[in-house]
Amino acid sequence: MVQSRFIRPPGFEGNQTDPEESYRAGYQHGTRVLLRYLEANPKPDMELLRKWVDSELTGWRHDTSAEPVPPSL
């Protein structure tokens, strides 16, 4: 698999031989992060969460110079 043009540490995606496996690993990781947030906040502010996903997280995902660690909520 070709290394992505996004700045990522070695091994972040380079060890994945199947793009589908890499996609699924990212999906699983994102789901775990969201689950931890929801567990820590019994009454989450859904509007805040929606804004975070729609603006900060989306912007980070498409920023070619961004660090590999996503913005915190």
Side-chain angles (χ1 to χ4, degrees):
M1 178 173 173
V2 177
Q3 191 73 10
S4 116
R5 61 190 170 98
F6 298 102
I7 300 171
R8 301 287 189 248
F12 182 81
E13 59 191 14
N15 293 335
Q16 303 287 345
T17 56
D18 179 13
E20 180 67 19
E21 183 182 354
S22 181
Y23 169 80
R24 290 179 184 194
Y27 190 90
Q28 179 184 20
H29 175 74
T31 303
R32 283 186 176 153
V33 169
L34 186 56
L35 182 60
R36 279 195 296 267
Y37 170 77
L38 293 174
E39 288 173 342
N41 298 285
K43 293 184 179 180
D45 181 350
M46 295 307 286
E47 189 57 33
L48 174 67
L49 187 57
R50 187 173 289 111
K51 285 180 183 177
W52 177 72
V53 169
D54 290 343
S55 63
E56 290 185 50
L57 197 59
T58 300
W60 168 80
R61 179 177 166 232
H62 295 289
D63 183 357
T64 58
S65 63
E67 293 293 323
V69 178
S72 61
L73 180 61

**Results of salt bridge (Lys or Arg N to Asp or Glu O under 4.0 Å) for Glu39 - residues two or more places apart only** = none
**Prompt:** Are Leu34 and Leu49 close enough that some pair of their side-chain heavy atoms sits under 4.5 Å apart?
**Reply:** yes
**Asked** Heavy atoms, side chains only, cut-off 4.5 Å: are Trp52 and Ser72 in contact?
**Response** no
**Which residues share a salt bridge (Lys or Arg N to Asp or Glu O under 4.0 Å) with Arg36, sequence neighbours left out** = none
Expected list for residues 40-47: side-chain donor-acceptor pairs under 3.5 angstrom, two or more places apart:
| unit_1 | atom_1 | unit_2 | atom_2 | d |
| --- | --- | --- | --- | --- |
| Asn41 | ND2 | Tyr37 | O | 2.9 |
| Asp45 | OD1 | Glu47 | N | 3.2 |
| Asp45 | OD1 | Leu48 | N | 3.2 |
| Glu47 | OE1 | Arg50 | NH1 | 3.4 |

**Request:** Apply side-chain contact (heavy atoms from CB on, under 4.5 Å) to Pro70 and list each qualifying residue two or more places apart in sequence or on a separate chain.
**Result:** Leu57, Trp60
